[in-house]
Amino acid sequence: MKMIPRFAGRLLEWYRLHQRDLPWRKTRDPYRIWLSEVILQQTRVAQGLAYYERFVEHYPTVHHLAKAPIEEVLRLWQGLGYYSRARNLHAAARTISIQWAGRFPASYDELRRLKGVGDYTAAAIASFAFDEPVAVVDGNVFRVLARLYGLYDDISRTKTKHKFKALSEAHMPPQEAAAYNQAMMEFGAVQCTPQKPLCMTCPFRDDCYAAQYGKQQELPVKSKKTTKRKRYLSYRFFYRNGKLWMQERKQKDIWKGLYEPARIEAATAREMEQLLQNEAPAALWQQAQAIEQIRHLLTHQELFIDIGMLHLPPDAALPPFLKDGGDWFTPEECDALPKPIVIAQYFERHRHLLHE
DNA sequence: AATACGGGGTG
DNA sequence: CACCCAGTATT
């Protein structure tokens, strides 16, 4: 393959002129860099920015994070999605704080052993914080290289990732690993965007396969398609003696570690209807107020949620489905619990119905 | 190697 | 609606 001449130098010049001002680029603290990288996994800078600031403020060092209760970490993570990131982040913080006695793992191989740190994140921290000359390969790097060189390899394949990593590393100036990696990703995010890339002003326009042949939309090639499963969820906030009943999601499923109100679930709309008409709790369930129907989309699931709120008299017997596995929380305590965003938003909209 | 895991922005 | 986002863990 004929490599693009002076690629790194031209890329770094572009980066010098066009880079965004982002807080994690102003530090060499591996803790903060790690934090930013985990937050930004499958997440846009615009969405992750506020979370990064919040985490740095609450947990200025890895020890602060390690000492925090997991519920608090998940609550700060609320709304960002992929909650295993927060659980792994917390677990890794404890590993670093205790096993490594606070000395942050300082090489790709050491970093790679941390929970939630894969190939990309290990390379990012190793290069940004420790100048280790290892190339990052994220969605941006895939896109930039696939378009520049006209590579039709399926980026879903492991083999392709290795190929692109080697290709990027072949262009990397060993003394400028950090800036080069940053520049590759920034170029993908700002110039060589997924849709409507800015080819007219691109410094590589004359070198780029996709720009020359008009293949920007075909590249990169990604074969995988996700299938969506439908789920039907019915939720009720039960309010009694000034407290709300909430339970933790402990099973291996979406929203693990988050809290939710009482739930009835079905695989089909018909099954849900039957449950609500025939089951014992149905009568009580239907007395709720502020019932909303909400369609909530996840990557692999389409959720049809109906959710409501209902008051029980102080002496009311507990409905059978509230037996164990859950607990009663004051509205303020409920605020502090980590919840799926769709639940949290409903609660915010209707919490004024409490105390009446 | 394939699949699950959130939520939001873009065209 | 379809695609994608500074990916990782699990099977």
Side-chain angles (χ1 to χ4, degrees), chain A residues 19-20 22-25 33-52 74 77-89 91-92 111-128 135-144 154-162 165 168 178 181-190 192-197 216-229 231 249 251-258 294-303 338-345:
Chain A
Q19 65 174 290
R20 292 168 291 180
L22 300 173
W24 45 84
R25 291 192 179 143
I33 291 170
W34 169 55
L35 200 52
S36 73
E37 292 305 334
V38 175
I39 286 172
L40 292 173
Q41 288 166 7
Q42 291 294 286
T43 303
R44 291 167 188 281
V45 165
Q47 192 188 359
L49 204 42
Y51 286 84
Y52 173 78
L74 283 168
W77 201 271
Q78 180 177 296
L80 198 54
Y82 285 161
Y83 296 93
S84 65
R85 289 184 292 170
R87 300 196 309 270
N88 288 334
L89 187 78
L111 289 160
R112 188 64 183 73
R113 295 183 208 131
L114 296 171
K115 277 194 178 182
V117 175
D119 290 337
Y120 163 78
T121 305
I125 304 171
S127 61
F128 300 158
V136 297
V137 180
D138 71 337
N140 294 304
V141 176
F142 273 129
R143 188 168 55 253
V144 170
D154 181 352
I155 67 169
S156 307
R157 293 175 171 283
T158 311
K159 197 176 160 189
T160 305
K161 186 160 78 173
H162 296 325
K165 183 168 184 171
S168 187
N181 276 338
Q182 291 276 12
M184 282 293 282
M185 293 192 287
E186 189 74 346
F187 186 77
V190 172
C192 194
T193 50
Q195 290 125 20
K196 304 184 61 174
Q216 294 94 328
Q217 288 307 309
E218 336 283 321
L219 292 167
V221 174
K222 187 158 73 175
S223 67
K224 274 193 218 157
K225 290 163 183 64
T226 68
T227 62
K228 264 200 211 320
R229 171 165 70 112
R231 286 171 83 168
R249 291 182 63 91
Q251 59 280 32
K252 198 180 71 181
D253 193 0
I254 55 171
W255 301 333
K256 184 180 173 189
L258 307 192
I294 301 172
R295 181 167 161 272
H296 189 68
L297 291 172
L298 310 182
T299 305
H300 292 88
Q301 301 185 20
E302 183 174 11
L303 306 181
K339 298 171 288 295
I341 197 64
V342 62
I343 303 289
Q345 288 174 344

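Naming: A, B, ... by sequence-line order, numbering from 1 per chain.
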J.: With a 4.0 Å cut-off on heavy atoms, is A:T158 in touch with a base, just the backbone sugar-phosphate, or nothing at all?
T.: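 The residue A:T158 makes sugar-phosphate contact but no base contact.
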J.: State whether A:E302 and A:R229 are salt-bridged, where the test is any N-O pair (Lys NZ or Arg NE/NH1/NH2 against Asp/Glu carboxylate O) under 4.0 Å.
T.: no
J.: What are the two closest heavy atoms between A:R85 and A:L80, and how far apart are they?
T.: NH2-O, 3.2 Å
J.: List in chain and number order the residues that pass side-chain contact (heavy atoms from CB on, under 4.5 Å) with A:N140, two or more places apart in sequence or in another chain; answer none if no residue qualifies.
T.: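 With sequence neighbours excluded, A:N140 shows a side-chain contact (heavy atoms from CB on, under 4.5 Å) to A:D138, A:R143, A:M185, A:A189, given in chain and number order.
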J.: Once side-chain contact (heavy atoms from CB on, under 4.5 Å) is applied, do any residues pair with A:V45, and if so which ones, sequence neighbours excluded?
T.: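 Here the qualifying residues are A:R20, A:L22, A:W24, A:L40.
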J.: Establish, with yes or no, whether the OP1 or OP2 oxygen of B:dA4 is under 4.0 angstrom from a side-chain nitrogen or oxygen of A:W255.
T.: no
J.: State whether a side-chain donor-acceptor pair under 3.5 Å links A:Q182 with A:R25.
T.: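 A:R25 and A:Q182 do have a side-chain donor-acceptor pair below 3.5 Å.
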J.: Nearest heavy atom decides the nucleotide; on that basis, is A:K339 or A:K159 closer to the 5' end of DNA chain B?
T.: A:K159
J.: Can you give one letter per nucleotide of nucleotides 4-11 of chain C, going 5' to 3': B for a protein heavy atom under 4.0 Å from the base, S for sugar-phosphate only, - for none?
T.: BBBBSS-S
J.: Over all strands shown, is A:I39 touching base, sugar-phosphate only, or nothing at heavy-atom distances under 4.0 angstrom?
T.: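 The answer is nothing, as A:I39 stays clear of every strand by at least 4.0 Å.
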J.: Could you state the CZ-P distance from A:R85 to B:dC5, rounded to the nearest angstrom?
T.: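 Atom-to-atom, A:R85 to B:dC5, this comes out as 15 Å.
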J.: State whether A:H300 places a side-chain N or O below 4.0 Å from either non-bridging phosphate oxygen (OP1 or OP2) of B:dT3.
T.: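 Answer no for this pair, as no side-chain N or O of A:H300 is under 4.0 Å from OP1 or OP2.
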J.: So what does A:R231 hit on the nucleic acid, given a heavy-atom distance under 4.0 Å: a base, only sugar-phosphate, or nothing?
T.: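 Touches nothing.
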J.: Rounded to the nearest 0.5 Å, what separates atom OH in A:Y120 from atom NZ in A:K161?
T.: 12.0 Å
